[in-house]
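Notes follow the structure.
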Protein chains: 2
Amino acid sequence: MNEPEVHSVKEPARSIPEPTLRRLPLYYRLLKQLRDGGRTGVSCTMIGTELKLDPTQIRKDIEMTGTVGRPKIGYDVHDLICAIERFLGWDNTIEAFLVGAGSLGEALMGYAGFAECGLQIVAAFDVDPNKCHRVIHDKHVRHVSKLPNLMRRMKVRFGIITVPASEAQQAANLLVEGGVLAIWNFAPAKIEVPERVLVTNEDLYCSLAVLSQKMTRKLAQSRAKGVSKP
Amino acid sequence: MNEPEVHSVKEPARSIPEPTLRRLPLYYRLLKQLRDGGRTGVSCTMIGTELKLDPTQIRKDIEMTGTVGRPKIGYDVHDLICAIERFLGWDNTIEAFLVGAGSLGEALMGYAGFAECGLQIVAAFDVDPNKCHRVIHDKHVRHVSKLPNLMRRMKVRFGIITVPASEAQQAANLLVEGGVLAIWNFAPAKIEVPERVLVTNEDLYCSLAVLSQKMTRKLAQSRAKGVSKP
DNA sequence: TAAATATCGAGAATTAATTCTCGATAAGGA
DNA sequence: TCCTTATCGAGAATTAATTCTCGATATTTA
């Protein structure tokens, strides 16, 4: 039942806390700014002040990437950038297919910053023949029927779904047929895939819920404090 | 130092856990599907099976909305839908201004589902004069210079930022000038606003980090297991 | 050279979130 | 009618994440 725990080196076999993974890109962005500004060293205190986060938390996050700092000095900016890249897998190129060439798909194809993370959208697909045979941001849009074969042939292992909710499952099926390893799903719908496939949902309604609930409570509070029954 | 805790009714003064807020829309979507399918009752067990979540967790989340269930029966689907709507503030219309009429902005303007959450994007703005004076999804696109005044005049309190990272702060400034209460920021950049303004960042790079790190580890594992030094 | 200080790293303490346990209850079948 | 079962709700136990504490260390300043 329990794995033998035989690690050749100090590879982190345990899974990394998701909050940590979500914070690393924030540090990464700041570090690049600092580097471009000519800085070579940085401390957790400074990152914390800049990002309004607890320095200890940042130290623990950085520890995960394997970077060691020096007391009184902090970390080397360049080393840290490289370590985060390596840790997140942003030092290797990942080729991706995008399904759904609507405005959201177009927006993602235009995200220049993805290149820095090693993400390269190599082609887009759509069911609508009118949207096919176009070129958006240098990428060809093809008909979805071509997806599975092309995916296997080009050995692409990553899929991005930007179709409407009603077509999300079909899109997922095509990607699975093509041998996808991980899917980034922007459709507000749950998709059913084999267990081996990693899925991350980018569900805008979940974020909206956080914001609108907080806003509603804030409005209620200010109303209660302000004009309580005029 | 401590508030007197005098609540007229049973308003939840404590803040709601964010994980709960992020799960509620998932239940909401499923419940609407069930309702449209003719179901009137539902149990946590069923929701849990459908969404692959722990039933106890769902029960606790639902408790937050103030809905009570009955043993052996579960909850009334209609009641639960209404309770979630009320709890998230989705039963009232929130009017929003969108800054940045690029493809991402266009995509959000086209999200029909936002209406169900009470979110109504009433106008869009852009710095680029070529993008102005158009109509996208029935909404006018105006020049950003018009934003602060129009926002005050129309009493709009919600802002959505879909400009490139380099222009995010400017966009935020305009919204603050217009008296914004909450901002949904899609630009991959941190924005500086007065403390009273709520901000939720929809940073795609944070999500990408989670996915690419997991994918990288998985690939490393399968490589280790498969061909270990040929 | 010595004192003062900013910082890291390790581990303890705290807080938040999830999962487990169990008694109560309501429906359906024996 | 009574037994069985599915479920809720409350609270305990567990696990995960954050924050605090402190000793060690390297640099700067007196």
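Throughout, protein chains are lettered first and strands after them, A, B, ... in sequence-line order, and every chain is numbered starting at 1. Model, not experiment: these values are computed from the prediction.
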Mind checking what makes salt bridge (Lys or Arg N to Asp or Glu O under 4.0 Å) contact with [X], not counting sequence neighbours?
| X | value |
| --- | --- |
| Arg59(A) | none |
| Arg22(A) | Glu18(A) |
| Lys32(B) | Glu116(B) |

For this session: Would you please say whether a donor-acceptor pair under 3.5 Å links the side chains of Gln120(B) and Thr93(B)?
Result: no
For this session: Starting at OH of Tyr27(A), measure out to OG1 of Thr65(A) and round the result to the nearest 0.5 Å.
Result: 10.5 Å
Exercise. Roughly how far, to the nearest 0.5 Å, is the NZ atom of Lys60(B) from the CG atom of Asp54(B)?
Worked result: 10.0 Å
For this session: Name the first nucleotide and the last nucleotide along DNA chain D (5' to 3') that come under 4.0 Å of a heavy atom in chain A.
Result: dA17(D) to dT27(D)
Beyond-backbone contact of [X] with [Y], side-chain heavy atoms, under 4.5 angstrom:
| X | Y | answer |
| --- | --- | --- |
| Trp184(A) | Leu98(A) | no |
| Lys190(A) | Gln169(A) | no |
| Leu108(B) | Leu204(A) | yes |

Problem set entry | 5' precedence on DNA chain D between Lys60(B) and Thr45(B) (nearest-nucleotide basis) | Thr45(B)
For this session: Kindly state which residues belonging to residues 199-206 of chain A come within less than 4.0 angstrom of DNA chain C, counting heavy atoms of the residue only, listed by number.
Result: none
Exercise. Please give, in whole Å, the distance from dT7(C) C1' to Arg59(A) CZ?
Worked result: 6 Å
Problem set entry | Sugar-phosphate, base or nothing in reach of Thr56(B), heavy atoms under 4.0 Å | base
Exercise. Which atoms form the tightest heavy-atom contact between Val156(B) and Glu95(B), and what is the distance?
Worked result: CG1-O, 3.4 Å
Distances for protein N or O near nucleotides 27-30 of chain C N or O, under 3.5 Å:
none

